[in-house]
Colleague: 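I have a structure here, written as structure tokens, and I will follow up with some questions on it.
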Amino acid sequence: MTIRKFFDYEEETKLKVKRTVSKMSSSSTPTVRRAKVVKETLPPCEECGLYKTCRSPKMGVTGEGRTGILFLAEAAGSTEDKLGYQLCGQAGQLFRDEIITPLGYDLDADFYKCNVVRCRPISETGSNRTPTDREIALCHGETWQLIKDRRPKAIILTGRVPLQSYLLDIEIGGEQPAISRWADWCIPDRDLKCWVIPQYHPSFFQYGSNKKLLKIYRQKMEVAIGNSLKPFPELTREEDKIRCIFSPEEAIQVLETILRDKPPLLTLDWETTGLKPYKTGHKIVAVGLSWNPEQGVSFPMFPEIVPLLRMILKNLDIKKTAHNFKFEELWARQILETSIKGWKWCSQLATHVLDDRHGIKSLAFQTFVRYGIAGFKDETSPFMKSETSNDLNNIEACPIDKLLLRNGLDAMFAHRLALDQMEELKQIKGLTGAYNLFHEGSLAFLDSEITGIRTSMAYFTEVQKGMEDECKVAKENIMNSHYAKLWEKETGVKLNPTSPDQLKKLLFNTLGVKPLKYTAKKNPSLDKADIDELAKTVSQKSLRTFLKNITILRTSTKTESTYVRGLMKEIYDDTIHPFFHLDSVRSYRSSSQNPNFQNIPVRNERMMLLVRNGIFPHPGQQLLEVDFGMHEVRVAACFTQDPELIHYCEDPTSDMHRDQTERIFLLQKDRINKPIRNLVKGGFVFAQFYGSWYAPCAENLWKWSDDLTLEDGMPIHTHLKSKGISTLDDFSLHVRAEEDHFWKKFSVYTQWKEKWVNKYYETGKVLLKHGFRRQGFLDRNQILNTAIQGTAFHLLLWSFIELMKIARKEDWKSRIIAQIHDCILFSVAPSELQHVSKLTHYITTAAIKKPHPWLNVPLDVEYELSGIDQPWAAKEKISLDKILLENY
DNA sequence: GACTGGAGCACC
DNA sequence: AAACGGTGCTCCAGTC
């Protein structure tokens, strides 16, 4: 089998890879992905030894294959091994009964079937098991030869294991065989000359609530079979379609033609010296253009071409597209000093709007799953890496011919992708509106990114010194303890107190402490909550001190590494320029990166002061933060139309958290204070809305209320005792009853939840108000949360876009500098404070109603303001009325 | 030396 | 039946 890399820069000598497959450990994925090499060095398939222990060794392809479609499954289980054909065990039978038969097919008559590992893998206890990486590799050559001999029209890969086997032949660097991101794509395989369609394995749907997903699986499989029967396209060599230009005269000719002919859609792709253009010395090295899905051109950024290129970029009649258009726009503005007019499409953004999954948005991935081309960026990508997001990369060391070829291909594939997506998007009701919101939103976010956020390198340099000292002292306290010495005696090496692994070994093995909970991967957990709890319960005072010091160390190192050092890394000219993305989050919220500006400390007073004292408005201005109050609750009220919830949104004197606190802690209103209300807000109300249940709620409320006292000084646990609740068990029973009461009170919400979940199980989609749809296999909480979380953000985004439009039109001195899901951050000129505040109130609470007729509860915004040139830490709550006082 | 998965933790 | 939704960054430890 040849490598499906459609051009190969590497010399033959490099192909002689020294490692052999037989040396691979069973737990690692082979890095040798070249079938040529594998064939030469591969030991006989018998090397795995599985043939010795099974009844049907080396099971071949079975089935009559009337459709020409081949199902490639994992490996034989005990039933398959006994009967001698595939997909007849428990999962296989489910597949037949629930998927294939209802679709009107007969698995054995209509399809071919084969396993990736053709002998039965058997565990030590005699049960079925997943084949190892080594077994998959050993079986690979012969299995795929058998498959090719049948010349299937399509191969449907059922599960991760067949996918992994398929990817062994494909030069697509760093791609993980996670089935979630590969499922459903219909890959035109250029070597096999047939479609390859990954799907989940039927065993995924065997147990628990996953059984409810069978209907969606059936729909997906129906589509997969339909796609399999499509005629296979004629595929031609792609590198021949790229014209790499090496002279300015020729480049000018091309640009003149574009300016004269005005193609309906022009794809732009820059190759640049880095990720961000702000630091001096950055430039655009090469330009790739495409106006035809079968053609691309590229040339270096000759100085002579810049005027013509600017004219094209500014020409509104030439509509533009790019794969991540924010990037092309950013570099055009900063380096070419031109804003690009006529943006029509961003293929990266459209990829996300069409499909919410992670790991699919890169052009390399899209090019492979849609056009069967792998690895065309691998050779040039190493030159594009830089230390930090502001630094220069090594692109100028990249051979220019390789760079231009990549550049032209990028442009051509992005163009092809854009045209295909425009067709797809049109077919789906409501999705165009969703795309447009994100298209405008991305451009508005870019304005904030370029404006940037003012910081102070001098401040953080000073703070860093203090933090480093603090970390050192915290470390010393730990290292001087009896426990650090005990560790050293036991293991012979010094304890690393920032290593969770070592601390777990010390506590849970050496000292015999019992873990309180386990992580998602079923390992013992030792996070802050565990340490806090252990510090309360262990009997030795010295161990309590030790644990408390660990917590101190963790908080200091987090502050120093993530927030002080991490921010400093991103500062250039006392400004940070975080990215705000709309093409990443599965619930269609935003994300922020380099640095993440959405997780700057605020709750821990000390961390907040240390970090936020270094974040400033622009000179002479003030920071104004506008928060959408109770935002997700209001959106939930709109979705569910629950009258109780609507009441809480409409009546400003009502307070659901206070009401709930009365019940949970059996308190009269006047005995409730802020910490107790906050505890119930986070530990019960929001937890319940997000899908938690009474047991963990009760446990957390009990734990966290341990050191809380009422207004009059009475410890809350003493108070509860007076009400007959003296243990966690008592309290759990009480919270259980309250949970029941809570969802009875919001009975319309409860009904909505059932309806909403069932709708997903019917259609496989969660539909949001603005037209977005989340797909894939979701669990109950994801189904319920996505709609509310995403939609809440979209209301903010709409407001953000409107405000940015007005800011531009009115030529504000004030700037909109950031957004954090349900709040907008301004650097506001004092002379414009009243105007900006009033206008924001109008946009976010009144104007927003018109394009959102379903919004039938009032929205509310709250203001926080810091003084002129004062840092973010200095912000204080302020009412709109006060801001609007004449002499304020 | 470079890469990766896992854990932990900051935010909404 | 299952059981808190969604991110990004840093460090550790294992691997090649």
Side-chain angles (χ1 to χ4, degrees), chain A residues 18-19 23-25 27-32 173-174 176 178 207-212 356 358 382 385 496-504 518-531 550-551 554-555 557-567 569-570 578-581 584-604 607-608 611 627-628 631-632 636 682-697 700 739 757 766 774 778-790 792-793 796 819-823:
Chain A
K18 288 183 191 80
R19 281 178 66 251
K23 277 188 194 159
M24 280 184 283
S25 77
S27 62
S28 70
T29 309
T31 50
V32 181
Q176 295 303 308
Y207 307 109
S209 63
N210 280 9
K211 278 191 273 193
K212 295 182 185 171
D356 59 273
H358 286 156
K385 280 185 190 141
N496 176 355
T498 54
S499 159
D501 274 17
Q502 292 187 15
L503 292 174
K504 283 174 197 175
Y518 290 83
T519 65
K521 299 287 171 192
K522 315 272 183 225
N523 299 317
S525 151
L526 190 63
D527 61 17
K528 185 171 184 306
D530 298 317
I531 293 178
I550 296 288
T551 299
R554 281 192 183 174
T555 309
T557 49
K558 173 84 174 167
T559 310
E560 198 275 329
S561 64
T562 302
Y563 295 106
V564 179
R565 195 143 35 87
L567 249 97
K569 213 175 71 183
E570 297 291 340
F579 291 116
F580 292 107
H581 295 302
S584 293
V585 181
R586 295 204 63 189
S587 62
Y588 292 103
R589 267 192 179 182
S590 65
S591 69
S592 171
Q593 194 189 25
N594 295 99
N596 181 355
F597 196 69
Q598 295 179 327
N599 70 347
I600 308 292
V602 65
R603 283 175 216 165
N604 179 320
M607 282 179 94
M608 184 278 278
V611 184
D627 278 55
F628 284 51
H631 196 43
E632 287 194 8
F684 185 82
V685 180
F686 280 137
Q688 288 285 330
F689 280 145
Y690 282 140
S692 188
W693 59 302
Y694 78 89
C697 284
N700 289 333
E739 177 186 74
V757 168
V766 176
R774 182 167 175 186
L778 308 177
D779 66 32
R780 186 186 163 86
N781 287 340
Q782 292 173 311
I783 299 164
L784 292 169
N785 193 59
T786 291
I788 292 163
Q789 188 183 88
F793 167 68
L796 175 122
Q819 139 286 141
I820 312 175
H821 307 303
D822 63 0
C823 90

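Throughout, protein chains are lettered first and strands after them, A, B, ... in sequence-line order, and every chain is numbered starting at 1.
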Colleague: Could you tell me whether the phosphate oxygens of C:dC9, OP1 or OP2, come under 4.0 Å of any side-chain nitrogen or oxygen in A:Ser561?
Modeller: no
Colleague: Taking CZ from A:Phe684 and P from C:dC4, how many angstroms apart are they, rounded to a whole number?
Modeller: 13 Å
Colleague: Considering every strand and a 4.0 Å limit on heavy-atom distances, what is the contact class for A:His358: base, sugar-phosphate, or nothing?
Modeller: sugar-phosphate
Colleague: With rounding to whole Å, what would you report as the distance between C:dA3 and B:dA10 at their C1' atoms?
Modeller: 25 Å
Colleague: Can you see if the side chain of A:Gln782 gets near the phosphate of C:dG6 - specifically, an N or O under 4.0 Å from OP1 or OP2?
Modeller: yes
Colleague: Nearest whole Å is fine: how far is C:dG5 P from A:Trp693 CH2?
Modeller: 14 Å
Colleague: Quick one, give me the B/S/- string for nucleotides 6-12 of chain B, reading 5' to 3', where B means a protein heavy atom under 4.0 Å from the base and S means that only happens at the primed atoms, P, OP1 or OP2.
Modeller: SSBBBBB
Colleague: Measure the distance from CD on A:Gln502 to P on C:dC11 and round it to the nearest whole Å.
Modeller: 16 Å
Colleague: Under a 4.5 Å cut-off applied to non-hydrogen side-chain atoms, are A:Ile600 and A:Leu567 in contact?
Modeller: yes
Colleague: Side chain of A:His358, backbone of A:Ser584: donor and acceptor closer than 3.5 Å?
Modeller: yes
Colleague: Can you find a side-chain donor-acceptor pair between A:Ser590 and A:Gln598 that sits under 3.5 Å?
Modeller: yes
Colleague: Any side-chain N or O of A:Asn781 under 4.0 Å from OP1/OP2 of C:dC4?
Modeller: no
Colleague: Let me know the distance between CG of A:Leu567 and C1' of C:dG8, rounded to the nearest Å.
Modeller: 13 Å
Colleague: According to the interplanar angle, ranging from 0 to 90°, do the rings of A:Phe628 and A:His631 count as parallel (below 30°), tilted (30 to 60°) or perpendicular (above 60°)?
Modeller: perpendicular
Colleague: Is there a donor-acceptor contact under 3.5 Å from the side chain of A:Ser591 to the main chain of A:Val585?
Modeller: no
Colleague: What's the OH-P distance between A:Tyr207 and C:dA2, to the nearest Å?
Modeller: 13 Å
Colleague: Whole-Å distance between C:dT7 C1' and A:Gln593 CD?
Modeller: 11 Å
Colleague: So, does A:Asn700 use its side chain to make a donor-acceptor pair with the main chain of A:Pro696 at under 3.5 Å?
Modeller: yes
Colleague: Nearest-nucleotide wise, let me know which of A:His581 and A:Arg565 is further upstream toward the 5' end of DNA chain C.
Modeller: A:His581
Colleague: Return the CG to CG distance between A:Leu503 and A:Asp530, rounded to the nearest 0.5 Å.
Modeller: 12.0 Å
Colleague: Heavy atoms from C-beta onward define the side chain here; which of C:dT7, C:dC9, C:dC11 lies closest to that of A:Ser591?
Modeller: C:dT7
Colleague: Does C:dC12 have OP1 or OP2 sitting under 4.0 Å from an N or O in the side chain of A:Thr498?
Modeller: yes
Colleague: To the nearest Å, give me how far apart CZ (A:Phe580) and P (C:dG6) are.
Modeller: 22 Å
Colleague: Please determine if a side-chain N or O atom of A:Arg774 lies less than 4.0 Å away from the OP1 or OP2 oxygen of C:dG6.
Modeller: yes
Colleague: Please state how far atom CZ in A:Phe579 lies from atom C1' in C:dG8, giving the value in whole angstrom units.
Modeller: 14 Å
